[in-house]
Each structure stands twice: as C-alpha cells, then as structure tokens.
Amino acid sequence: MSVGHVKVSAGTLGAIVFDKNDGTRYVLSNWHVLHGPDGELGDVVVQPGTHDDNRIAQNRLGILKRSHLGMAGDCAVATIEARGADQSILELDVMPEELGEPELGDKVVKSGRTTGVTHGVVRRIETLAQIDYGEGVGLQNIGCFEIEPDPANPPSNGEVSQGGDSGALWMFKTGNGWPGKVMAGLHFGGEGRFSSDEHVLACLPRSVFERLDISLQQPSIDEAVVVQGYDPAFLGTRIDTPRLTAAVKDDAVQLNDTDVIPYTHFSLALNGVRGFAFWVAWNIDGASLKKLTRKGIKFVKDPRLPDDAQALVDRYRDLALLASIHPALADAALLHSGVRRHPLATRPADSSTQCTRRTHERPAQASRRHQGRPSSTVRPL
C-alpha cells in the first residue's frame, strides 16, 4: 500500500501500530519514506504517495510524528486523521501480533507497493549496513539483517524487492509455508545498483519499536496514559502550531523526538535553556466551561521532562501568590527575576495562527470571547 511524505515519491505502508503510552494509532514505514532529507516532524504525510497520486490535499493521511535514522533502524510513524484502518497486511491477509528475532535460515515473506508478495530466507543477522542517504544526510550506519530470495519461491522477475517497497513488513512463515503473525523485520533497502548479489536489508523489529515507542497492540484503558494535546482541527478550520526557527530549535526540549509537548487540551514548546515556553496553544469549549477552585493545587514538574529544563517550582508558587493579589505583581516579579519574552514573540504570527494578548491585560474582553463558543488560541511567549 502506497504512502509517503509530500516530498517523497512513494514507499510502502508497513503496519498500523499504536503509541505505547496513550494508544494513538500510527502508520509505520521508513524514515526515507515518511521523513526524507527535506522533511521535519509535523510535515504532511499522504496515502497514496505523490508518485501514485499527486493530489496532496485529498490524500492527506496525517502528520509525521516520530522518526529515526541510525543504529536502531530506518523508521518513522505518522498519525492517521479521520480514516478507518485495517491492521491486516494487504495481499498477505494476516495481522501482525508479535515481534520476532530473525535467525539464519528463517523463511519470510513480504508484500510491497512495487513487487507485491515475494519470499525470502534470512542469510545474515546482526549486520551493520553503511548507506548513503544523499546530500544533507550522507552516510548512515543502520543496524539490520539480510534476506536473500527463497529458491523454493523465486520472484518472477528475479527481484525480491525494488524501489517503492521500502517500509514493508517481512513476516515469518509458519510450518506449512503460510504467512504467520510474527514480524521478522522492517524492509528498508537492498543491494547496490550494479550488484548482482540479489538480497534485501531489514531493520530489527524490537529496535524499531523501542526507538519509536510503539506497539502492535493498543494498550488497555488501565495501561494507557491518555494525553490529548492541542487539536489543530478543533474549530473545523485548521490552525497549526508554530514551528521553531533554526536559530532557537536547538534550545527546545524534545519529548518522543518532537518539540511539541502535549498536555490536557493544550500543547507547548519548551525552551530548555530558560525553562519557559516558546509558545503555548490551547483549545477552549466555551459552552462547557466550569468554574473550578485552584486552591490547594501545587505547581509540580513534568516527570517526562528533564528537571533542569523546567522553571523552579518555588518561583511559580510565589508567582501564584502574587497573581492572587494582582496579575501585574506577577509580571513585575518575572521581569525582576530576569525573565523576558523570547524574541520569537516579536515575530509576526503565521497567517494560519491566531495570537492573543495575555488574558490578564484585558480580562473582561477575554472572558466574553470564550463564553458560549469554542476557541483555539496559539500564543508565542
């Protein structure tokens, strides 16, 4: 099944997988299929890929969520927006349920976008392949294993894989020769262009799944930690979060390979040097607002993030006391402590981004704005 980043021709959608923590559905494929040398997290992913159908708006699948290119593999996942999903692998009619460990002589099978169903035999394990990913990326060492064509089921054209098959799952065969439910590897490459040694390369499944923090099974309600961050489609018209510029991106705290950190109905990007947010984006449903007391609620650090990247809890505790007297006192304390609005806040907002002033500057207007109707706000700080 064809899939790809909008700037990549097309690869194969390997599997439907789930976030290990909150159960979010993703599609799994390769870094060079969903990310590519010109991509970045948050970019649009389409299905089918642009080589097969160039109607990007109609074919939007979701956004690139996580990716990795290195020793753990060539791998990435993207979100699934407003679509159903069948976990069975096209043409194999099996749903992957377990991660396996390839051994020499294991028989495997895959279904790829270009060559369809082909059969192979594991011929080498614990391999380190050095591959040139082109300008801007260069040579990368990828941990993997090798598969050669199965002489008992040779490919019709002599090619066990071709361009466009990247991202397919290799599945172990059962004793009767049928495709099984245990994943052997994630296909990502093959022999060089002028080589006569027909074989393919596949990433080790456990390395890929651990690096991307994903699972083949959706976690139970008891296991899942559901964190619904800012929803860019909350109002029907999409309002995306800002993207950090190259000048400040290195200062951002990363969580699961992204600088967008989700919380309950809001998200933010955190400056790890200053300990404060670059921007905050939130959704408010005015019709369902409830007045809740804040008394006794203490400021705590986010255990998912490094301690030294977060502002001191004591500082926030003092600010809360000052703000209860008058909001201007809290602002004055921030300024006295040397905290300033980040230069990013002086940049013009993107045309798709709604920016507001601090709510305490005009409290009456801010209150009326949210009353009785939904609102999405993205604010650089």
Side-chain angles (χ1 to χ4, degrees), residues 1-3 11-18 20 25-30 72-75 77 85-129 142-162 164-191 197-212 214-220:
M1 183 178 291
S2 173
V3 72
T12 297
L13 192 162
I16 305 298
V17 296
F18 302 92
K20 285 178 64 175
R25 292 183 310 164
Y26 299 132
V27 295
L28 171 66
S29 191
N30 293 140
D74 176 339
C75 52
V77 291
D86 183 351
Q87 287 184 261
S88 298
I89 299 174
L90 186 67
E91 296 186 294
L92 296 186
D93 296 326
V94 294
M95 184 174 73
E97 295 181 356
E98 299 178 40
L99 304 180
E101 292 288 342
E103 298 288 346
L104 293 176
D106 283 341
K107 293 203 170 187
V108 292
V109 59
K110 73 103 181 74
S111 175
R113 166 197 168 274
T114 306
T115 59
V117 176
T118 56
H119 306 261
V121 179
V122 176
R123 75 173 194 183
R124 188 178 179 189
I125 58 175
E126 299 179 357
T127 301
L128 187 63
I142 312 295
C144 60
F145 65 100
E146 293 183 3
I147 301 168
E148 64 185 3
D150 184 352
N153 289 282
S156 58
N157 65 351
E159 296 287 341
V160 72
S161 77
Q162 290 180 309
D165 287 333
S166 293
L169 294 196
W170 283 96
M171 305 295 293
F172 288 112
K173 288 185 177 183
T174 62
N176 60 11
W178 291 98
K181 297 182 179 181
V182 181
M183 177 180 170
L186 179 67
H187 180 86
F188 75 96
E191 76 280 355
D197 178 21
E198 180 64 25
H199 69 280
V200 301
L201 304 172
C203 308
L204 295 165
R206 295 190 189 279
S207 296
V208 167
F209 276 61
E210 288 176 8
R211 189 65 182 81
L212 297 178
I214 55 175
S215 171
L216 286 172
Q217 286 81 34
Q218 192 165 28
S220 66

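Once rounded to the nearest 0.5 Å, the distance linking CD1 of Ile89 with CE of Met171 reads 4.5 Å. Taken from CG in Asn157 to CD in Gln162, the straight-line distance is 5.0 Å, to the nearest 0.5 Å. One finds the NE2 atom of His119 at 7.5 Å from the CG atom of Asp150 (value rounded to the nearest 0.5 Å). The structure places CG of Leu169 at 6.5 Å from CG of Leu186, a figure rounded to the nearest 0.5 Å. How far CD of Glu191 is from OG of Ser161: 6.5 Å, rounded to the nearest 0.5 Å. Here the straight-line distance linking atom CH2 of Trp170 with atom CG of Leu201 works out to 11.0 Å at 0.5 Å rounding.
Although no hydrogens or angles enter the test, the distance criterion places a donor-acceptor pair under 3.5 Å between the side chain of Ser29 and the main chain of Thr12.
Looking at Pro155 and Thr115, their side chains never come closer than 4.5 Å, going by heavy atoms from C-beta outward. In this structure, the side chains of Val77 and Val27 stay at 4.5 Å or more apart for every pair of heavy atoms. Between Val17 and Leu212 the shortest side-chain heavy-atom distance does not fall below 4.5 Å. A heavy-atom distance below 4.5 Å is not found between the side chains of Phe209 and Leu204. Between Val200 and Thr118, every side-chain heavy-atom pair lies at or beyond the 4.5 Å cut-off. Contact of the Glu148 side chain with the Glu198 side chain is not registered, since no non-hydrogen atoms from C-beta on lie closer than 4.5 Å. Here the side chains of Asp93 and Ser88 are not in contact, with every heavy-atom distance at 4.5 Å or above.
Closest heavy-atom contact between Val160 and Pro149: CB-CG, 4.2 Å.
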Show the atom names and distances, to 0.1 Å, of all donor-acceptor pairs under 3.5 Å that link a side chain in residues 96-105 to residues at least two apart or in another chain.
residue : atom : partner : partner atom : Å
Glu101  : OE2  : Arg206  : NE           : 3.0

